[in-house]
Amino acid sequence: MPEKPTVLFVCVHNAGRSQMAAGFLRELGGDRVEVLSAGSEPKDRINPVAVEAMAEQGIDIANQAPKVLTTEAVRESDVVITMGCGDACPIFPGKRYEDWQLDDPAGQDIDAVRPIRDEIRGRVEALLAELLPASTGA
């Protein structure tokens with residue numbers, strides 16, 4: 001793993017799960033990681049309930065925009081985390097791939113999105129501990 005790993009979060013619409021994960025990794029990883037997110041069928045804007053759920057954690061993802069998944073994004077990433085996008089993600093040898101089974105926050109209210117957000121945070125914290133094991137504290 002390079003000194004500054006690049007992590008790509010992918011979900012279908014790049015409007016909820018992958019944006020929340022990217023927000024947590026940017027916040028918790030700081031400049032020690034490069035963070036990308038994309039979707040196989042991106043929406044035109046971030047899910048406002050995901051924005052609200054992250055704001056409750058002090059993380060602003062409102063200025064992010066859904067992006068289409070490209071082969072280049074996968075190629076430049078060291079770790080690719082998929083969230084319900086099936087086989088839409090290209091596979092390159094030497095990359096670390098994980099599929100996180102998470103409920104989709106689309107169409108859910110804030111009470112349903114909070115547990116999804118909290119599970120994503122726990123997974124991001126565990127991923128960060130694996131990627132940067134020598135790092136202690138923020």
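If you're wondering where the values come from, they're calculated on a predicted model, not measured in any experiment.
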Note: Glu52-Arg117 ion pair, threshold 4.0 Å (strictly below):
no
Identify the heavy atoms of Gly23 and Ile61 that sit nearest to each other, and give their distance.
CA-CG2, 4.0 Å
Distance-minimising heavy-atom pair for Gly16 and Pro105
CA-CG, 4.0 Å
Considering all heavy atoms, the nearest Gln19-Ala65 contact:
NE2-O, 3.6 Å
Roughly how far, to the nearest 0.5 Å, is OG of Ser37 from CZ of Arg26?
6.5 Å
Which heavy atom of Phe9 sits nearest a heavy atom of Met83, and at what distance?
CD2-CE, 3.5 Å
Is it possible for you to say whether Val68 and Val10 belong to one hydrophobic cluster, with membership spreading through side-chain heavy-atom contacts below 4.5 Å?
no
Can you find a heavy atom in the side chain of Arg32 that is under 4.5 Å from one in the side chain of Leu128?
yes
With a 3.5 Å distance limit and no angle check, can you tell me whether Arg96 reaches the backbone of Val80 through a side-chain donor-acceptor pair?
no
Considering all heavy atoms, the nearest Pro5-Glu3 contact:
CD-O, 3.4 Å
Test your reading of the model: is there a side-chain donor-acceptor pair from Arg123 to the backbone of Ile120, 3.5 Å cut-off?
no
Salt bridge check: are Lys95 and Asp78 linked by an N-O gap of less than 4.0 Å?
no
Do Ile81 and Leu8 make a side-chain contact, defined as non-hydrogen atoms from C-beta onward lying under 4.5 Å apart?
no
Check whether Arg17 reaches the backbone of His13 with its side chain - one donor and one acceptor, N or O, closer than 3.5 Å.
no
Determine the minimum heavy-atom distance between Thr82 and Asp99, stating which atoms define it.
OG1-OD1, 2.7 Å
Say whether, by atom type as modelled, one donor and one acceptor occur between the side chain of Lys67 and the main chain of Asn14 under 3.5 angstrom.
no
